[in-house]
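Following: one structure in structure tokens, then a few remarks.
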Amino acid sequence: MTNRTLYLIACAAPPSRRLTVPIRAAQQAGWDVCTILTPSAYRWASEDAEGEIEALQQLTGHPVRHEYKLPSQEDVLPAPDALLVAPLTSNTVNKWAAGISDTLALGLITEGIGLQLPIVALPHWNNAQDAHPAITRSVQTLRDAGVTVLLGEDAFVPHPPRHGNLDAYPWQAAIKALPASS
């Protein structure tokens with residue numbers, strides 16, 4: 001097993017229904033993957049009758065986290081060496097760029113910048129959301145802070161509302177953007 005730990009932090013967007021794809025790809029690239037979900041993404045996964053949370057835990061060997069632990073509780077996950085935020089929603093990108101940490105997922109990625117962890121973010125939003133001026137500002141703020149935001153040609157290109165193609169979501173671009181083993 002590897003000693004490089006990747007936190008896969010997923011927001012509630014349709015690609016979050018296929019997290020086994022990036023988990024397996026990251027594992028093949030030598031990462032020990034831990035899954036952290038936003039509260040909404042966790043709710044989506046929890047409502048899955050096929051036991052999605054349990055399947056993710058079995059695949060990674062780690063509990064799936066979605067909320068802050070109590071101060072008296074021990075950490076159940078190893079410390080991360082890198083963060084992959086995918087899918088990244090327009091809501092989360094704007095909160096993240098503003099430094100808001102009101103969920104575990106946001107707290108980890110906000111702190112990740114200060115810890116100078118390698119962070120790759122793969123958005124998923126439509127072109128109407130992308131047209132909002134806050135998106136451009138937020139993406140630039142994160143890029144200026146050192147986050148690799150995979151938005152644009154050869155990465156994620158926003159789609160018309162209600163016309164996303166899950167099969168075209170560029171998981172492999174995100175895995176390739178992670179730091180190589182040293």
Side-chain angles (χ1 to χ4, degrees), residues 6-23 25-26 31 33-48 52-53 55-57 59-60 62-68 77 80 82-113 117-132 134-143 145 147-152 155-159 161-175 177-178:
L6 174 69
Y7 280 13
L8 171 60
I9 300 170
C11 303
S16 70
R17 302 305 301 219
R18 295 188 177 173
L19 293 180
T20 59
V21 173
I23 290 170
W31 292 97
V33 182
C34 299
T35 309
I36 291 88
L37 304 176
T38 63
S40 292
Y42 186 83
R43 193 179 91 230
W44 286 16
S46 296
E47 292 179 0
D48 184 338
E52 187 172 346
I53 296 294
L56 292 172
Q57 290 177 166
L59 182 59
T60 65
H62 298 287
V64 174
R65 297 279 317 277
H66 70 285
E67 59 187 4
Y68 283 111
L77 302 177
L83 307 175
L84 170 56
V85 188
L88 171 65
T89 61
S90 61
N91 180 58
T92 298
V93 76
N94 289 322
K95 285 179 145 187
W96 184 13
I100 296 170
S101 299
D102 61 350
T103 67
L104 174 62
L106 279 162
L108 291 169
I109 58 181
T110 301
E111 184 178 68
I113 290 172
L117 291 172
I119 306 174
V120 174
L122 182 60
H124 188 276
W125 53 66
N126 64 48
N127 56 11
Q129 292 167 316
D130 192 62
H132 193 285
I135 295 290
T136 301
R137 287 191 305 269
S138 294
V139 168
Q140 191 58 54
T141 295
L142 294 174
R143 285 178 171 159
V147 176
T148 301
V149 181
L150 301 174
L151 180 63
F156 177 76
V157 176
H159 50 77
R162 292 174 291 286
H163 287 88
N165 178 355
L166 282 179
D167 294 327
Y169 191 64
W171 287 116
Q172 201 54 40
I175 301 303
L178 292 169

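Quick note: residue numbers are just sequence positions, from 1.
Although no hydrogens or angles enter the test, the distance criterion places no donor-acceptor pair under 3.5 Å between the side chain of Tyr7 and the main chain of Leu84. Proximity of a side-chain donor or acceptor of Arg65 to a complementary backbone N or O of Glu67 within less than 3.5 Å is detected. Of the possible donor and acceptor atoms, none in the side chain of Gln140 sits under 3.5 Å from a partner among the backbone N and O of Arg137. Between the side chain of Trp96 and the backbone N or O of Leu142 there is no donor-acceptor pair closer than 3.5 Å. Panel note: side chain Ser16, backbone Ala12; no donor-acceptor pair is recorded below 3.5 Å.
Summarising the geometry, atom CG belonging to Leu56 is positioned 5.0 Å from atom CD1 belonging to Ile23; distances are rounded to the nearest 0.5 Å. Residue Leu122 holds its CG atom at 7.5 Å from CZ of Phe156, rounded to the nearest 0.5 Å. Annotation: the span from Gln129 atom CD to Ile135 atom CD1 amounts to 7.0 Å, rounded to 0.5 Å. The CG atom of Leu8 lies 7.5 Å from the CD1 atom of Ile175; values are rounded to the nearest 0.5 Å. The line from CD1 of Ile9 to CD1 of Ile36 is 5.0 Å long, rounded to the nearest 0.5 Å. Residue Leu104 holds its CG atom at 10.0 Å from CD1 of Ile109, rounded to the nearest 0.5 Å.
Scored by the ring pair (Phe, Tyr, Trp, His ring centres under 6.0 Å) test, Trp44 finds no partners at all (sequence neighbours excluded).
Applying the side-chain hydrogen bond (donor to acceptor under 3.5 Å, both in side chains) test between Trp125 and each of Thr89, Thr92, Asp130, Asn91 identifies Asp130 as the sole match.
Nearest heavy-atom pair, Pro63 versus Gln57, reported as atom, atom and distance to 0.1 Å: CA-OE1, 3.7 Å. Of all heavy-atom pairs spanning Cys11 and Ala41, the tightest one is C-CB, 3.7 Å. Closest of all the heavy-atom pairs between Arg17 and Ala45 is NH1-N, 4.4 Å. In plain terms, the two heavy atoms of His62 and Leu77 that are nearest each other are CB-CD2, 3.7 Å. Across all non-hydrogen atoms, the minimal contact from Leu88 to Ala121 is CD2-CB, 3.8 Å. Of all heavy-atom pairs spanning Ala174 and Val120, the tightest one is O-CG1, 4.0 Å.
The side-chain heavy atoms of Trp171 and Leu19, taken from C-beta on, include a pair separated by under 4.5 Å. The closest side-chain heavy-atom distance from Pro161 to Asn127 is below 4.5 Å. Within the 4.5 Å cutoff, the side chain of Tyr68 has heavy atoms near those of the Ser101 side chain. Side chains of Thr148 and Pro118 form no contact here, defined as non-hydrogen atoms less than 4.5 Å apart. Residues Pro170 and Leu150 form no side-chain contact, since every pair of their non-hydrogen atoms from C-beta on lies 4.5 Å or further apart. Using a 4.5 Å heavy-atom threshold, the side chains of Val139 and Val93 count as touching.
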Leu83 and Val147: side-chain contact (heavy atoms from CB on, under 4.5 Å), yes or no, with the steps? CA-CA 10 Å; Leu83 307 175; Val147 176; over 6 Å; no

Start with the C-alpha gap between Glu52 and Thr20, add the side-chain angles, then the distance that decides, and say whether side-chain contact (heavy atoms from CB on, under 4.5 Å) holds. CA-CA 10 Å; Glu52 187 172 346; Thr20 59; over 6 Å; no

